[in-house]
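To keep things clear, I will list the structure first and then write my remarks on it.
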Amino acid sequence: MKIKIRLALQFTLIVAGILLSFSVFAYYFSFSSQQSKFRQSLLERATSTATLLIDVAEVDSSLLMRIQESTTTWENEEFVLTDSAFNVIYSFNSDYLSDRGALIYNHSKGGHKYFYTEGKDGVSYLYHSENKVYYAFLMATDKSRVANLKELREILLWSILFSLSLSVLFSYLFAGRAIRPIADIIRTVKEINSLKLNKRLDEGNKKDEIAQLAVTFNEMLSELEVAFRNQEDFVSNASHELRTPLTVMIGESDYFVSHRRSADEYEEHVKGLVNDLKNLNSLINSLLELAQINRERIFDLPVVRIDEVVFTAIRKVKEKYIDRKILPRINYPESGSELFVNGNEGLLEIAFINIIDNACKFSDHDVLIDFNICNSNVSVIIKDEGRGIPNDEIETIREPFKRASNAKFIGGYGIGLSLVYRIIEIHEAKLNIFSKINEGTSFELTFKRTLN
């Protein structure tokens, strides 16, 4: 069932419930009001009739009978006056009240008592006169009330039917109008695919719930568009970077085997191929690491000592740059726990290896690594005295395969810093880069300490 129809039915049921409740209450209060007025009239008639018969000497039974016959205004009126033993003293048009058992059952033990039977309202009245007790019983049918209630029922019934008809019509129209923005969203979403991620939903007034849904969906589309573009760029760049060395190796090998060579030349060529394969393996490993980090969203971040992670990274980089001095400088605090951070040791090691490797690659001087503990943070600052990074390119080098313009003739693929930035993002840390051309670059990584 469509939402529009379901909303219309639900609204109609609510209106029907409200109208029915209102009609029941209106009918009940009308019935109670008219019944109360009629019973009050019965009581007044019973009181006055008993007074005439008992206390007014000039009025006897025959006179009262003639008066009642000439003045009767109620349908099926019955009147009976009895003594304290329920012996009938006077009766008029009695039918139900002719039964002594009915009189005993409905008599009033004090004041008056109302009762209802056989479609008639009745009242019994206890009357005292000269130390004697009398009972006056009066019953009648409230014909006007019956007619009024019948008319009221018809009015309420037709009012409910008419109101429900209008409710069905208008609820269907308003439900259609209310969900029209949703229908527009559905139509627009159907047009969006991987080739049309730049299409956006109409955000309307940006205030109601549907507009907020459109805003949220547009934000998601923007993120998806960026992700798809990054993926396309990554695949394109990765394909290019992988194709180039393979093409070079294949071309050189084809040329080399086209003529007979000496053993030394073959050995030299094989060494070159091995070196190229090592570089290609390094590129593939970097691509796999980047893909792995970008794919996974949750990493375990246990407590680690940041200085131990840095020293492990230094040791691994030294295997590649044997003659390079990498100098860590740290003033150890009284408690080693001040160097504790929440982090993934493997990921942090990758980040520090890439930064230190870049410092060694782009500088022929010593690399300095300083530790700084301040309040709730611990910072690791890696400095080199290399060629530096142009200021307008510092933000762009975080993207995969992006390299500084002054690093074109130095080996590398532009993946390392994108890995570093992603790892820093996972650890909710900060990375600041300060660089001057031909003076060097400083990488400052700031982590939140794990407080005991």
Side-chain angles (χ1 to χ4, degrees), residues 219 223 226-227 230 286 288-318 326-360 362 366-384 388-389 391 393-400 402 414-436 440-452:
E219 291 174 353
E223 294 179 0
V226 172
N230 289 341
S286 297
L288 291 175
E289 289 172 351
L290 182 60
Q292 180 76 6
I293 292 175
N294 284 335
R295 183 175 69 253
E296 296 184 6
R297 294 297 178 187
I298 300 176
F299 292 88
D300 291 330
L301 301 177
V303 177
V304 298
R305 277 190 60 152
I306 195 67
D307 59 329
E308 293 179 355
V309 177
V310 174
F311 292 150
T312 301
I314 291 174
R315 186 174 63 254
K316 292 185 177 181
V317 175
K318 286 281 288 183
I326 305 175
L327 306 175
R329 300 185 299 188
I330 179 172
N331 292 322
Y332 279 100
E334 295 181 0
S335 173
S337 62
E338 295 187 22
L339 293 168
F340 285 156
V341 301
N342 287 99
N344 185 291
E345 188 171 351
L347 294 180
L348 290 175
E349 189 177 303
I350 292 173
F352 285 118
I353 287 175
N354 276 282
I355 295 175
I356 298 172
D357 183 82
N358 279 347
C360 294
F362 294 105
D366 299 342
V367 175
L368 302 179
I369 302 177
D370 294 324
F371 293 82
N372 183 25
I373 301 172
C374 180
N375 297 327
S376 61
N377 296 325
V378 56
S379 299
V380 181
I381 304 170
I382 303 171
K383 303 177 182 178
D384 66 62
I389 305 171
N391 287 331
E393 297 179 10
I394 289 178
E395 292 298 323
T396 61
I397 59 174
R398 69 177 62 192
E399 299 176 13
K402 297 291 185 179
I415 300 177
L417 284 182
S418 61
L419 273 171
V420 172
Y421 273 102
R422 182 69 181 100
I423 293 170
I424 293 301
E425 180 183 6
I426 290 171
H427 288 78
E428 297 182 354
K430 294 181 180 179
L431 173 60
N432 294 317
I433 302 176
F434 308 94
S435 185
K436 289 185 178 181
T441 303
S442 175
F443 287 82
E444 181 180 11
L445 295 85
T446 304
F447 301 86
K448 292 182 179 179
R449 290 195 297 113
T450 302
L451 303 177
N452 295 329

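In this chain, residues are counted from 1 in sequence order. From a predicted model like this one, the values you see are computed outputs, not experimental measurements.
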Do any N or O atoms from the side chain of Thr450 and from the backbone of Asn342 form a donor-acceptor pair under 3.5 angstrom?
yes
For the side chain of Asp384 and the backbone of Val367, is there at least one donor-acceptor N/O pair under 3.5 Å apart?
no
Who pairs with Asp366 by side-chain hydrogen bond (donor to acceptor under 3.5 Å, both in side chains), at least two apart in sequence or on another chain?
none
Work out which heavy atom in Ile389 is nearest to a heavy atom in Ser435; give both atom names and the distance.
N-OG, 2.7 Å
Rounding to 0.5 Å, atoms NZ (Lys316) and CD1 (Ile356) come to a distance of 11.5 Å
Should Phe371 and Asp307 count as side-chain neighbours, where that means a heavy-atom distance under 4.5 Å?
yes
For Leu339 and Ile330: C-alpha separation, side-chain torsions, deciding distance, then whether side-chain contact (heavy atoms from CB on, under 4.5 Å) applies.
CA-CA 11 Å; Leu339 293 168; Ile330 179 172; 3.9 Å; yes
First locate atom CG of Leu431, then atom CG of Leu445, and finally report the distance between them rounded to the nearest 0.5 Å.
5.0 Å
Does any part of the side chain of Phe352, heavy atoms only, come nearer than 4.5 Å to the side chain of Ile369, both counted from C-beta?
no
Applying side-chain contact (heavy atoms from CB on, under 4.5 Å) to Glu444 and not counting sequence neighbours gives Ser379, Ile381, Asn432, Phe434, Thr446
Working to the nearest 0.5 Å, report the span between CG of Asn358 and CD1 of Ile353.
12.0 Å
Write down the atom of Ile350, the atom of Asn354, and the distance for their closest heavy-atom approach.
O-ND2, 2.7 Å
Applying side-chain contact (heavy atoms from CB on, under 4.5 Å), can you list everything that pairs with Lys436, at least two apart in sequence or on another chain?
Glu439
Heavy-atom pair with the smallest gap, counting every atom of Ile433 and Phe443:
CD1-CE2, 3.6 Å
Can you name the side-chain contact (heavy atoms from CB on, under 4.5 Å) partners of Asp357, sequence neighbours left out?
Lys320, Tyr321, Lys361
What pair of heavy atoms forms the shortest contact from Val317 to Cys360, and how long is it?
CG1-SG, 4.1 Å
Note: Ala351 and Val420 closest approach over all heavy atoms is O-CG2, 3.6 Å
Under the salt bridge (Lys or Arg N to Asp or Glu O under 4.0 Å) rule, collect the residues that match up with Asp370, sequence neighbours excluded.
Arg329, Lys383
Checking Lys448 now: which residues fulfil salt bridge (Lys or Arg N to Asp or Glu O under 4.0 Å) with it, not counting sequence neighbours?
none
The side-chain hydrogen bond (donor to acceptor under 3.5 Å, both in side chains) partners of Arg449 (sequence neighbours excluded) come to none
Taken to the nearest 0.5 Å, the spacing of Ile306 CD1 from Leu348 CG works out to 5.0 Å
N/O donor to acceptor pairs below 3.5 angstrom from side-chain atoms of residues 423-430, sequence neighbours left out:
{"unit_1": "His427", "atom_1": "ND1", "unit_2": "Ile423", "atom_2": "O", "d": "2.9"}
{"unit_1": "His427", "atom_1": "NE2", "unit_2": "Asn344", "atom_2": "N", "d": "2.9"}

